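Take a look at the structure set out below.
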Amino acid sequence: MWCVYFLVCVLRPICVPVTETAVVLWGTRQIGSLEAFFFGVTGSVLGLMFMYSVSSLIVHRISKERKDSRQLAWLKQLTERYSVWILGVLLIVPFMSDEVLCAGSAFLKISLPQFLKIGIIAKIISIGMIAFSGFFCGLCGLRRWQVIAAELLFMFLASAALQHFCKKGEAKLS
């Protein structure tokens, strides 16, 4: 059963129109929380990497043919400052599909290593919150709103840490 779950996690950011929450909850029921977390994060990151690569190739062809590079440069400059925050939050909170985020990241020319750093941390948080939320609720005796508040706080702190480490890495490359 774990191989079916893993395959669905790989394909979900590419072509499966099912929410991450539904897939992880199903996996948690079928194979357990720890296995669902491990295979979910691994599969999702592989799927994100594949989708980003495909999107990057498509964007490269489109941008090579387009003459309006000023507009593309303006959009990149506008999103450059907060792109790590925005991308991290959007990969955790399901406002937008992962397919769109992969294509948008490639369009904004976020590098694959930086995208993978953001994706790995975001998927550890999002899949971990889903896979282990029932366990932590029972363990701590928390109510649903308290778990949600704690998860949002954790997400904010992780985004801040990610922003800090990505800036530090960019400073070393310069």
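Computed from a prediction, not measured in an experiment: that's the story for all the values here. Numbers for residues simply follow the sequence, beginning at 1.
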Looking at Y52, is its backbone amide N or carbonyl O close enough to the side chain of S56 to form a donor-acceptor pair, meaning the two atoms are under 3.5 Å apart? no

Once you round to the nearest 0.5 Å, how far does [atom1] of [X] lie from [atom2] of [Y]?
X    : Y    : atom1 : atom2 : value
L112 : M49  : CG    : CE    : 7.0 Å
S55  : I14  : OG    : CD1   : 10.0 Å
E20  : C9   : CD    : SG    : 8.0 Å
S111 : I118 : OG    : CD1   : 8.0 Å

For residues L48 and K123, determine if any side-chain heavy atom of one lies less than 4.5 Å from a side-chain heavy atom of the other. yes

Kindly check if the number of other-residue, nucleotide or ligand heavy atoms within 6.0 Å of CZ (F50) is above 12? no

Report, one line per pair, each donor and acceptor closer than 3.5 Å where one atom sits in a side chain of residues 25-46; sequence neighbours left out.
residue, atom, partner, partner atom, Å
T28, OG1, V24, O, 2.8
S33, OG, A131, O, 3.0
T42, OG1, F38, O, 2.8
S44, OG, G40, O, 2.9

If every non-hydrogen atom of A22 is compared with every non-hydrogen atom of V18, which pair is closest and at what distance? CB-CG1, 3.9 Å

